[in-house]
Every structure is written in C-alpha cells, then in structure tokens.
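All remarks here apply to the structure that follows.
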There are 4 protein chains.
Amino acid sequence: MAKPRSGEKRTKIFRTALRLFAQNGYSKTTIKDIAAESNVSFGTVFTYFENKEELFHLCVTEPIEEFRHHLLETSGILEYFSIDKLKEMINEHVAYFLEKEDYLRVIQYVIGQPERFSKMMEELDLFSDEFMSFVQNVVKTGMEKGVLPESNPEEVGYGYLAFLMGARLTFTDYPGVQLTNALEKQAYRLFGIGI
Amino acid sequence: MAKPRSGEKRTKIFRTALRLFAQNGYSKTTIKDIAAESNVSFGTVFTYFENKEELFHLCVTEPIEEFRHHLLETSGILEYFSIDKLKEMINEHVAYFLEKEDYLRVIQYVIGQPERFSKMMEELDLFSDEFMSFVQNVVKTGMEKGVLPESNPEEVGYGYLAFLMGARLTFTDYPGVQLTNALEKQAYRLFGIGI
Amino acid sequence: MAKPRSGEKRTKIFRTALRLFAQNGYSKTTIKDIAAESNVSFGTVFTYFENKEELFHLCVTEPIEEFRHHLLETSGILEYFSIDKLKEMINEHVAYFLEKEDYLRVIQYVIGQPERFSKMMEELDLFSDEFMSFVQNVVKTGMEKGVLPESNPEEVGYGYLAFLMGARLTFTDYPGVQLTNALEKQAYRLFGIGI
Amino acid sequence: MAKPRSGEKRTKIFRTALRLFAQNGYSKTTIKDIAAESNVSFGTVFTYFENKEELFHLCVTEPIEEFRHHLLETSGILEYFSIDKLKEMINEHVAYFLEKEDYLRVIQYVIGQPERFSKMMEELDLFSDEFMSFVQNVVKTGMEKGVLPESNPEEVGYGYLAFLMGARLTFTDYPGVQLTNALEKQAYRLFGIGI
DNA sequence: GATGAATGAGGGTTCATTCAT
DNA sequence: TATGAATGAACCCTCATTCAT
C-alpha cells in the first residue's frame, strides 16, 4: 500500500521528526517520541511512512528541492553581476543557513557518517556539486566583469561551502544579528571583496 | 572501583572506540563491536571503562589537551608576528584539522547535538573559546604590527573556526593536496591576506 | 450487527481466505492479504465477517456439510454391497481427498493444534466419528455379505481415516494419476481386498 | 558470535520450543513463552539461538538424524528377512511415530505449509525419500524371499508413509494400546500380510 | 455497503550491564 | 585481569479492529 504523500498529519509528523532527528540523531530519536510530539498515535506514523529509515531518508532528501530554490536561484546574479548583488546573495545564503537550523543539523549528521548513510550521501553530494558549480560560475562571472579579484573559482567554491556549513555547525547559542554580520563579512572575504 | 588509566589494551580499545564512534555515531556503535575490533573480549571493555557513556565522554575530552598543544602553541607567532608565520600557522591548522579526521568527526557529532551531550559541550565550548581568543590575539597583534588589514578580530575568530570545522565536515572524498591548498588560500583570505 | 451470509464478494473473500489459511496458517495470514487478493478493500472483509477468528472458524466448519455429502452418501453401498462398489467408494474418497487440497490443509492445520483450536476440533471430531462409524458399517456389511475377510471394523476405520489424511498431508508435488492409483490400491488392502 | 551448540539450558530451551511449536504452531508461539516455560530469561533464548526462525529451523532439522537411526536401522531386516522381523519393524515404526508426538506435529506443521517453509521442506523431503526407498527395499526383499505377496514396492512405500503420518496426525486423544494394535494390524495389511 | 486512516497491544530483537568463574 | 552467559528494558514494527466518511 503506497503511503500518502501529503496531508496535515503527515506534515506534522514530518516536521516533528526533522526536529527530533536534528536534536538527537537518528538512533536516539524514537518513533514513540515522534508520535507523541506530533500528537498522533504510534501506529499513525506508519500510516504515512514505511518505517523509521524511510522517514529519516525523506527528512534528508525532501527539503533538498526547496534548498535548491533558495540557494541557487538568487536574483539573476549571473546576468547582472555586481558587488552589491553578490553581497546580497551571500547575505541570503548566510541567513538561510542560519535559519534552516534543523534541516542543516540533519544534513550534517548524515555527512558526518557517510558510510552509514551512503545512500543519502549520494543525493547530498549531487546537490553540493550543484551548489559549488553555481558558486564557481558566480566567481568566473565576477572576474570576467572585472569586479572580483583574480581567484581560483573552484577554491572559492570549496571554501565558501565549507564556511557556510561550519558556521551552521559551530554556532548555536550566539545571538543572531552580531553573528550574522560577522559571518557575512567573513564570507565576503572568501570572494576577495570587502577587505 | 577505579578503572586503569593506562595500558596497551586500554589504548587499543580507546582508539577503536574513537574510530567507531566517528564512523557510526554513539548509539549505533556497540560495545560488542568495539571489543571485537580491538581483539579483546566483551567484558574487557568494562575493565577499562566504567560504561559506554564514560568511554564516549573520554573519547571526546581526552584528546582535547593534545589538540590544544597543536593548535595554540604555534611557533611563537604572538611574539614574532609575520605574514609567513601566520600562513605557517594556518597551514598547520588546516593540516591538523584534515588529519584528525576521527576525532573531529566525533567532536562534530557532539556539537551537532548540544542538548543531548550538554556535559561534553561545556568542555568543548571552553576549548572553542580558548581557540577563538587565541585567534583574536593573533589578529590584534597582526593589526598592531601593521601587517594585517583592518579587521574585527572577533569576526575573524568566528569565521576562521567555522571555516576549519566546515572544511573538516564537508570534504571527505577529495584528495589531499589540491584541497589542502584550496583551503589554505581561502583561510588566508579570512585574515585579509593572500590576494 | 448480523453479517450477510451470502453475496458474491463474501464468496470471493471466503475462498481467498481458505486458500491463504491453507497456505500460510492462521497467524501468518493477514486480513490485508485476504482483502488484496480478493480485490476488495480492507474494511470490506469486516462487512462480511465478524473478525478474523470468525472467518477462520467458518473456513473450517462451513465446508463440512459438503464434505459429508461427498464422503458419506456414496452410492448406496450399504444397501447393495459389492467389491466393485467398495472400490468405487474408495476411489471417490481418494480423489476427493486429493482434490480438496486447500480445505484439507486447513483441517490438518487445526487438527495439528487441537488445544489451540479446541472449539473447531469438537466439530471436526463429530464429523470424524461419523465418518469412522460409516466406514465401520461398510466393513460390517461387507463381512456379513461374506465379501470382506474377517476384520475388526473399528481398526479398519482408524486405519482408513489415518491413511486418507496422511495421503493428503504427505504428497503435494507428485503428479496425480500414478499417485492416485497407488493410494487406491493401498487403500483396498486396508479393507483386506485387492491383494 | 557463534551460538553454543550444547549446554543444559540450550537443551531445555530447545525442548520447550519444540513442545510449544508443536502445540501452537510457529507464529502463535512466542519467545517470551519459550523463555518462561524454560525458566530462563527472555534474552537467554538469544544467547543460544540466533533468532526465532533459526530456533524453529533447528527444531525441525536437528532431530532428523535420530529419526533416521530409529526408523532406518531396523534390526537387519534386509539381511535376514522374515514376516516376524517385518512385523517387528512395523511395530517399532508405529510406536515411534506415536511416541514422538511433538516432533511429528512440528514436521506436519511444516509439511502442511510447504511454500512457507520451503527451506525446511527440502531437508524433510530428503529424509522422506530415504525412508520410502528403504521401505521399497524391504518390500523387494520380501518378495524375492517369496514371503511377501506380489506388490508394487513404490506403492507400498507411498501408502505406508502416508499411513504413518496420518496416524500421528489424526489420533491424539485415543488411549495407547488399543490404537497401537489397530494401527499395527492395518499397517501389516499395507504390506499384504497379517490377514 | 464500502472504504481506509487511526489506534495500540503485543511480537521479535538488540544491547548495555552485571557477575560468577 | 579477563571472560562471556544471563538479564530485561526499550526499540521497531505488524496487524486486527474500530469508526467516521
């Protein structure tokens, strides 16, 4: 029996699961907990999701699409490049990474155990390749326009992704604005601007 | 009953545990697995470690000291500051972060679930504060010497730590040299140099 | 709420249930499976049958009547006894036991766990008593007519029933005709004929 | 970790399991029940057996060897054939089939669901072939010695096995001696003797 | 009548921990 | 010190049954 792919309860369960997986990891999170915090009964979780692994898998992969939209479709920067547009893009990236706390924690949990979650890693790798290649295009465009200093686009891609991931990983407790500013300014530097 | 704090078997078990915790996380790693891969019997693990939690706690906290040595006692940069010394320091940091794969995975596993591992988080936060304040001193010194451009030392600290953590988290498969170079050069930029 | 005792869907469900119970036993057979293989929805099964136990009970007891007809009303052998009529009866019995595979599997499943299915066992015992007493009458009649050799009718009854049940239980894969012949000839011997 | 293949507790658990599987079938029998009736804790069952399926498998296959001994090594009947020896063999077979109630119930449970337990069926089929070919040899020998009437050995084999299985299946409540006698005498008839 | 989402009791199984040897 | 059998809490999952639509 195919599982329903939508529905109010499914959404509730999904979000709860995402939060709990983010908080406690895969093994520590129990279906019982997910059910309780979703205000549904134990069995209902299995009405919407095949099993725990499938639920986790979906928590990891379903949001990728939305992620892609937010991170890659940034205000036509490739068509009309400018420092301001770049900064705007970076600001959005930083904000988005800091905002999507739960999802990124889950992602990092998976990335931290690539052998264990190899199936999901493949899908995440695809996205990370996509993201890096987008960043590389931005850098190339910026250089062609003579707006960005000489850089190795690949290196900027590596560094920028690492930086965003690390930012999300490392800072939990710090208040928002100050940290956000700090991270934005540091991110500019990775692109060779704002010094 | 106090547990032995040294011994060949203890070391073997400890290292195996660190590796397995890094690979599979806390819950998925079983004492049985640790014992088997350490070539000791099941019960022997409990001869050296109170219980699983204690073993994990030690895996997280024991190596901090060595970490401190490597990362903070870097060739008297504070006394004789120079761009070369700074680059040298950064190179060492990058190399060390990439080298200590297992340990850093474990750290990131803990950081990613701060409520769950709040006790260890405290100790890790102490070290991270220490590291950031060291970096801030480096930046301040560099600025005073007129060698580094105008920067907010705190921001550089944030960004640099995030970057190092993210680098370790994000890249597993890539070959060493090229990635190392890329990361080094991007790290320079965070300090406002290297372009 | 009284359940409908007839209807096309009821028949479909009933037959599917009988087949699945025969194939996999009571516990392994699920209502979901029965519904799916009957091409009805899940809940529909409960429209026609109180619950799983009731359905199983009916699978065991409903066909008894037809069984009785086929096995006990055999061509007036008690009125006009002859060796040929006896052989004819035996042939019919053997054929019927081999034909009613599903039902007899279910019967044997129940008989094999008499404590577990004590309620059904009572009904089955009634029929088995009836059958044995019929066979005893046949033997007595045959002896009175001087056509059957001296036998203990009860013993023949025991043996004959055991033989028929065992035949059905033991041989699944063997092709029909040869086995049927073999079993017929062996059954004759139990009555002291055909040697 | 390989499971212990002997030990007092293992024997206790094994026998309890055999009894409960015989009484209630595979699915209805719970590990909890087996543990309780064996006076061991729940987990101990898993110390000796991989899982429920494995335990069941062993219940079905381990006793085959002893079965073979008892049923096939019958007093050199093939070397020194005589009616008395044959009757002796039959008596032993009947007695053994009636005695090994639990084991044969389990066997019949498996045979009754051959698709479900196909793996075990293979092993059981091997034994049943062996048994039938032994019986065929007995019949051939008896015919050669001129002691048994003209028979189709294969047919006798079929019939005899069916009869023994059916006897075990069909009669549970009846007292021993009378039934035993009846079955023995009927079994003689299958070999064409004893009238 | 027909449906299938919701429920939760009960099953198999894992595994940290204890402890007698 | 070293071992591994014994334990049982807690997990995931199945499935009969109910009931609103």
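Chain identifiers are assigned alphabetically (A, B, ...) following the order of the sequence lines, protein sequences preceding nucleic acid strands; residue numbering begins at 1 within each chain.
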For [Y], is there an ion pair with [X] - N to carboxylate O distance below 4.0 angstrom?
X	Y	result
R105(C)	E101(C)	yes
R5(A)	E50(A)	no
K3(D)	E54(D)	no

Any base atoms under 4.0 Å from [X], or only sugar-phosphate, or nothing? Heavy atoms, all strands.
X	result
P4(C)	sugar-phosphate
S27(B)	nothing
T30(D)	sugar-phosphate

Of the nucleotides [options], which has the atom closest to the [X] side chain?
X	options	answer
Y48(A)	dT17(E), dT7(E), dA6(E)	dA6(E)
F42(B)	dA16(E), dT3(E), dT17(F)	dA16(E)
F46(D)	dT14(F), dT14(E), dT3(E)	dT14(E)

List the atom of I34(A), the atom of T16(A), and the distance in Å for their closest heavy-atom pair.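 The answer is O-CG2, 3.7 Å.
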What's the shortest heavy-atom distance between F56(D) and V106(D), and which atoms? CE1-CG1, 4.0 Å
From the options E123(D), K52(D), K119(D), E62(D), select the one residue that forms a side-chain hydrogen bond (donor to acceptor under 3.5 Å, both in side chains) with H57(D).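 So the option named by the test is E123(D).
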Over how many whole Å does the gap from [X] atom [atom1] to [N] atom [atom2] extend?
X	N	atom1	atom2	answer
E54(B)	dT18(E)	CD	P	13 Å
K32(B)	dT3(F)	NZ	P	16 Å
E8(C)	dG1(E)	CD	C1'	14 Å
I31(B)	dC15(E)	CD1	C1'	9 Å
K28(C)	dC15(F)	NZ	P	9 Å
N39(A)	dT7(E)	CG	P	10 Å

To the nearest 0.5 Å, how far apart are CG in N24(D) and CZ in R19(D)? 10.0 Å
T44(C) vs E53(B), nearer the 5' end of DNA chain E by closest nucleotide: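 Here T44(C) is the residue nearer the 5' end.
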Name the residue closer to the 5' end of DNA chain E, choosing between V40(A) and D33(D) according to the nucleotide with the nearest heavy atom.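 Nearer the 5' end of the strand: V40(A).
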Check whether any side-chain N or O of [X] sits under 4.0 Å from OP1 or OP2 of [N], and answer yes or no.
X	N	value
S41(B)	dT3(F)	yes
T47(B)	dT1(F)	no
K9(C)	dA2(E)	yes

Using a 3.5 Å limit on both pairing distances, list the dot-bracket string of DNA chain E from the 5' end; Watson-Crick and G-U wobble pairs count, crossing pairs take [ ], interstrand pairs take |. .||||||||||||||||||||
